[in-house]
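What you see is a predicted model; the values in this text were computed from it and never measured. In what follows, chains carry the letters A, B, and so on, assigned in the order in which the sequence lines appear, proteins first and then strands, with residues in each chain numbered from 1.
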Amino acid sequence: MPELPEVETTKRGIAPHLLHQTVSSVVIRQRQLRWPITPEMMTELPGQILRSVDRRGKYLILAASKNEASGIDTGKNYLLIHLGMSGSLRLVPVDSPAGKHDHVDITMTTGIALRYTDPRRFGCMLWFAGDPLLHPLLRALGPEPLSDAFAPDYLRVQAAGRKVPVKSFIMDSKVVVGVGNIYANEALFMAGIDPRRAAGRISAQRYALLTERIKEVLAGAILMGGTTLRDFTGATGQPGYFKQSLAVYGRGGHPCLRCGTNLREIRITQRSTVFCPGCQS
DNA sequence: ATGCGGACCTGTTAGC
DNA sequence: TGCTAACAGGTCCGCA
């Protein structure tokens, strides 16, 4: 379900209802996610105040700390959340009936609960202390695609000598975060690059264009509120509206919207890959 | 270091 | 209509 725009949309949706709020209770119905949820989250988080909601790649980072009357900084704890393939976070009224895959509720004293749902359980919810950016899952991540660090010459430099298909290359979170299967397909189409081409054999000029297209497609999707595939919904349950503007993803065998050639669908490292043999080389 | 394939888990859809 | 197999938005890990 979630690629970067969906995660960003989720973040924007939930943040206003969480910031500066005190957690009143945590209910864990299923702790076996990608990694088990530690019971400490349930015992330590209630009573703490949520201080920030951030995103790094497709990870959401919630910071929490106690409200110390003494003024002594007791340090922050962090909740690292990934939505995996099928996860979502929504805001629901306290005591809303929980469905089969509603694994966690974090309820605020306002009566609003942050509900984590994830049928496939590929996501995670990790409770820890210490600098979140040094966390093993975040430490080695590449730059944010919408930041200036993702510069026109960045991909060319990183790709030197690499033989993987360019599609796998831009989906590698150590290279750049947040480019999932849908947007990798779309950005390569927009840049006119064959997804099978070896990463190390693409010109600086084409990489500059690809970089621009990646930024464009992600920023556009964020503006649209995320892609709707199957059942993606934002924090309050509203659907995203980006699907209608996908040019290649999910359109294998159909005519290219630009040149009319039938789009080809292949697999690159187990992932569905759609491209136009006429427009992409 | 790089690249590949398997692993995690459930739900939906395509095909017989 | 029913059964089975393939596939789905992610990414970590172990092995060659």
Side-chain angles (χ1 to χ4, degrees), chain A residues 1-10 29-37 55-60 80-89 99-104 116-126 135-142 145 157-188 195-201 214 217-218 221-222 224-234 239-246 248-253 265-274:
Chain A
M1 178 189 298
E3 295 210 32
L4 183 141
E6 286 74 14
V7 179
E8 179 65 24
T9 300
T10 297
R29 303 184 188 83
Q30 167 63 274
R31 45 185 239 103
Q32 298 305 321
L33 304 183
R34 174 161 202 163
W35 296 285
I37 298 175
R55 179 186 61 73
R56 177 75 177 96
K58 294 174 190 166
Y59 290 93
L60 288 171
L80 188 59
I81 303 173
H82 198 291
L83 301 175
M85 210 77 139
S86 58
S88 63
L89 287 167
K100 188 177 175 186
H101 303 295
D102 294 337
H103 305 316
V104 180
Y116 176 85
T117 308
D118 186 2
R120 288 178 77 178
R121 288 189 268 137
F122 283 2
C124 65
M125 197 171 267
L126 301 173
H135 191 281
L137 291 172
L138 303 183
R139 202 170 35 200
L141 293 179
V157 172
Q158 293 296 309
R162 298 287 302 270
K163 293 178 177 162
V164 283
V166 60
K167 181 177 177 239
S168 313
F169 177 68
I170 60 171
M171 288 179 69
D172 182 348
S173 63
K174 291 187 290 302
V175 174
V176 57
V177 299
V179 183
N181 197 39
I182 296 178
Y183 299 117
N185 279 300
E186 294 299 315
L188 286 164
R196 299 166 296 183
R197 187 178 276 274
R201 314 215 40 153
I214 289 172
V217 74
L218 292 176
I222 291 170
M224 305 289 273
T227 301
T228 296
L229 283 177
R230 297 199 167 82
D231 58 353
F232 174 77
T233 54
Y241 294 96
F242 193 68
K243 184 184 179 185
Q244 55 210 19
S245 56
L246 296 177
V248 287
Y249 185 83
R251 297 197 61 246
E265 179 151 6
I266 60 171
R267 317 221 115 235
I268 292 179
T269 56
Q270 335 265 50
R271 309 304 298 278
S272 158
T273 303
V274 188

Provide the distance between the two [atom1] atoms, one in [N] and one in [M], to the nearest whole Å.
{"N": "B:dG6", "M": "C:dA6", "atom1": "P", "result": "14 Å"}
{"N": "C:dC3", "M": "B:dC9", "atom1": "P", "result": "25 Å"}
{"N": "B:dG3", "M": "C:dG9", "atom1": "P", "result": "22 Å"}

Handout entry: Polar side-chain contact A:R120-B:dC9 base: donor and acceptor under 3.5 Å
Key = yes

Problem - Polar side-chain contact A:R34-C:dT11 base: donor and acceptor under 3.5 Å - result: yes

Practice task
Select one nucleotide: of B:dG11, C:dA8, C:dG10, the one nearest the side-chain heavy atoms of A:H101.
Solution key: B:dG11

Completion exercise
Picking from C:dA8, C:dG10, C:dC12, the nucleotide nearest the side-chain atoms of A:Y249 would be C:dA8

Fill in the blank from the handout: Paired to B:dT12 by Watson-Crick or G-U wobble criteria (both distances under 3.5 Å) is C:dA6

Problem - Identified pairing partner of B:dT2, criterion: Watson-Crick or G-U wobble below 3.5 Å - result: C:dA16

Practice task
Evaluate whether the aromatic ring of A:F122 and the six-membered ring of the B:dC8 base sit under 5.5 Å apart, centre to centre, with an inclination under 30°.
Solution key: yes

Exercise for the section: Give a yes/no answer on whether the side chain of A:T269 brings an N or O atom under 4.0 Å of OP1 or OP2 in B:dG3. Expected result: no

Exercise for the section: Give a yes/no answer on whether the side chain of A:Y59 brings an N or O atom under 4.0 Å of OP1 or OP2 in C:dC12. Expected result: yes

Practice task
For A:S272, report the nucleic acid contact type (base, sugar-phosphate, nothing); a contact means any heavy atom under 4.0 Å.
Solution key: sugar-phosphate

Practice task
Return the 5'-most residue of the pair A:Q32, A:K163 with respect to DNA chain B, ranking by each residue's nearest nucleotide.
Solution key: A:K163

